[in-house]
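Sharing a structure below in structure tokens format, with a few things to ask.
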Amino acid sequence: MGELMKRDQLILGIETSCDETAVAIIKNGREISANVVASQIESHKRFGGVVPEIASRHHVEQITIVLEEALEKANVTMAEIDAIAVTEGPGLVGALLIGVNAAKALAFAHQKPLVPVHHIAGHIYANRLVTELQFPLLALVVSGGHTELVYMKEHGHFEVIGETRDDAAGEAYDKVARVLNMPYPGGPHIDRLAHEGSPTIDLPRAWLEEGSYDFSFSGLKSAVINTVHNAEQRGETIAPEDLAASFQASVIDVLVKKTVDAVREYRVKQVLVAGGVAANKGLRSALEEAFSRSNADLVIPPLSLCTDNAAMIAAAGSVMFEKGIRAGMDLNANPGLDIEIFNSEDLS
Amino acid sequence: MTILAMDTSNNPLGVALINDNQVIGEYITNLKKNHSVRIMPAIQTLMDDCEKSPADLTKIVVAKGPGSYTGVRIGVTIAKTLAWSLKIPLVGISSLEVLAAGAARYFEGYVSPIVDARRGQVYTGLYRFENGRLTAVEPDQLVMAADWAPKLANMDQPVLFVGNDVILHRSTFEERMGAKGVFANATEQNPRPSELAWLGKDMPGDDLHAFVPNYIRLAEAEANWLEKQGKI
Ligand SMILES: [Zn+2]
């Protein structure tokens, strides 16, 4: 019997769900060969948020440039790629459509398998580019559009045990930043300001029903707005750094407490942090503190892998590819895609 | 030489293959259905039927607008990606020019392709065949149908209106132009993807990475922003 040569698996990932045009090439599911991101943030800043039509236009301008750069950086040709993974959803439909159609054209041109990926699965799998995943695990996903606790018993199997009932944490950050007259995106500004102040203002924490892992941030957002308006009416001034610190403390308390409770109940081996808000220093240190003596390992990816990128899509795509998940040439963008449809028992 | 042409810029979805000087395959539907779901399977089926593989293609031609922003982007994204990854030239042709080409070839006069742009506006241009070639007399533009009609009424020859959306503005043209306005038959209202392929056949390739749809209009947010800056 001759020895089987195990060739490296190369997955090309494409991500265009919001305002980053991104292409990456990942080796064996864990190693980054190329990770190219063209950010549109400078273009959207002047509007105070992402404008969908403008995002879609930028994606068309960037897509082949970013594809070419990724292949050049990885020093591979399309012939060497095993499969093309693309974000199917959720996200902005017009933006998603560019990635989906570019992926289909590439898969067709080179007769490669096409693998649909859920954007949040991508954020979770960004962690696999840092360390190997240990199951069962829990992922805390916090981004501009998502606040979720996802339980995974094995690769490619996702169970949403808690999610936001109204605003995502990142959305609340952006809105509070607007109240404090800070530029878009507000998250990093609030985080920086919070470190200069103290949480002296009493703001609510939405724990919801006993045992619930769901989140709600709209009440907190309204409380911040009311606090500012009431102070204005009384002719008082509130130190913005104290307001930022108090708001951030309220968000972090809830995120950390629910994550700690879920880790205990589900007896997980790992806690993964995923999504753009994972870049938040306050959240990072609160989680590090909370899990310093836990049996569960806390994993927080570097900033470049927390924000939207295609390396995470290719990393998730690698696992989905091995699971046999494929899309046809009729793949469409799905802005409201449910992560649980990728679970194997539903695939039959 | 095998050229693949595609058009998803408005409701009609079209794919054509030409081989040297022959149209070997053509597929058209005129439906309000999702282009993103249907265009790649249409390309795949047509190429399979014509026994062509992606590696056989020597050029991609795409209708680059104006039209539905999302629709145009789907076709342009696929065309750009195919051309880039197969390392073959990409040619973009005006969606209005394609529409004109199908009906204009044997018409003595001008052709005004019409795509509705809502609120009384149309995307249009003015074309005519001269020495066997389609030439633009007036550039593609966004205009009120009621302003376009009197302008055409002064032309020295009749004007043929073509496109599925002509029906929406026919009374405007009839009232203001009388006998000078001529209306195409139902069989000529869809842009023909074979005409698209033909128009791009001998054209040099566009700058691929820089290639974008011709939207004609700025995005609404962009226009509002420029207005606020006092730039327009
Ligand atoms: Zn994201």
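Chain letters run A, B, ... following the sequence lines, proteins first, then strands; residues in each count from 1.
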Smallest separation among heavy atoms of Asp82(A) and Pro113(A), with atom names: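 Shortest heavy-atom contact: O-CD, 3.1 Å.
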Option in Leu331(A), Val51(A), Ile63(A), Ile65(A) with maximal non-hydrogen atom pairs under 4.5 Å from chain B: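 Highest number of heavy-atom pairs under 4.5 Å: Ile65(A).
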Side chains of Thr307(A) and Glu20(A), donor plus acceptor under 3.5 Å: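 No, because no side-chain N or O of Thr307(A) sits under 3.5 Å from a partner of the opposite role on Glu20(A).
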Heavy-atom side-chain contact between Leu31(B) and Leu13(B) under 4.5 Å: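 They are not in contact (no side-chain heavy atoms under 4.5 Å apart), so the answer is no.
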Toward chain B, the part of Phe108(A) with a non-hydrogen atom under 4.5 Å: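 For Phe108(A), heavy atoms of backbone and side chain both lie under 4.5 Å from chain B.
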Heavy-atom check, side chain of His119(A) versus side chain of Ile339(A), under 4.5 Å: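 No, their side chains stay 4.5 Å or more apart.
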Heavy-atom pair of closest approach, residues Met329(A) and Ala107(A):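 The answer is CE-CB, 3.9 Å.
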So which donor and acceptor atoms of chain A and chain B come within less than 3.5 Å of each other?
| residue | atom | partner | partner atom | Å |
| --- | --- | --- | --- | --- |
| Arg46(A) | NH1 | Glu222(B) | OE2 | 2.8 |
| Arg46(A) | NH2 | Glu222(B) | OE1 | 3.3 |
| Arg46(A) | NH2 | Glu222(B) | OE2 | 3.4 |
| Glu53(A) | OE1 | Arg73(B) | NH2 | 2.9 |
| Glu53(A) | OE2 | Arg73(B) | NH1 | 2.9 |
| Arg57(A) | NH1 | Arg217(B) | O | 3.2 |
| Arg57(A) | NH2 | Arg217(B) | O | 3.2 |
| Val60(A) | O | Lys80(B) | NZ | 2.7 |
| Thr64(A) | OG1 | His209(B) | ND1 | 2.8 |
| Glu68(A) | OE1 | Trp84(B) | NE1 | 2.7 |
| Glu68(A) | OE1 | His209(B) | NE2 | 3.1 |
| Glu68(A) | OE2 | His209(B) | NE2 | 3.4 |
| Asn101(A) | ND2 | Ser36(B) | OG | 3.3 |
| Lys104(A) | NZ | Ser36(B) | O | 2.5 |
| His110(A) | NE2 | Ser85(B) | O | 3.4 |
| His110(A) | NE2 | Ser85(B) | OG | 3.3 |
| Asn332(A) | OD1 | Ser36(B) | OG | 3.0 |

Sub-4.5 Å side-chain heavy-atom contact between Leu71(A) and Val76(A):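 Yes, close enough: below the 4.5 Å cut-off.
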Between Val60(A), Leu97(A), Ile54(A), the one whose heavy-atom pairs under 4.5 Å with chain B are most numerous: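 Of the candidates given, the most pairs with chain B belong to Val60(A).
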Lys73(A) side chain vs Val36(A) backbone, donor-acceptor pair below 3.5 Å: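 No; judged by distance alone, with no hydrogens or angles, the pair does not exist.
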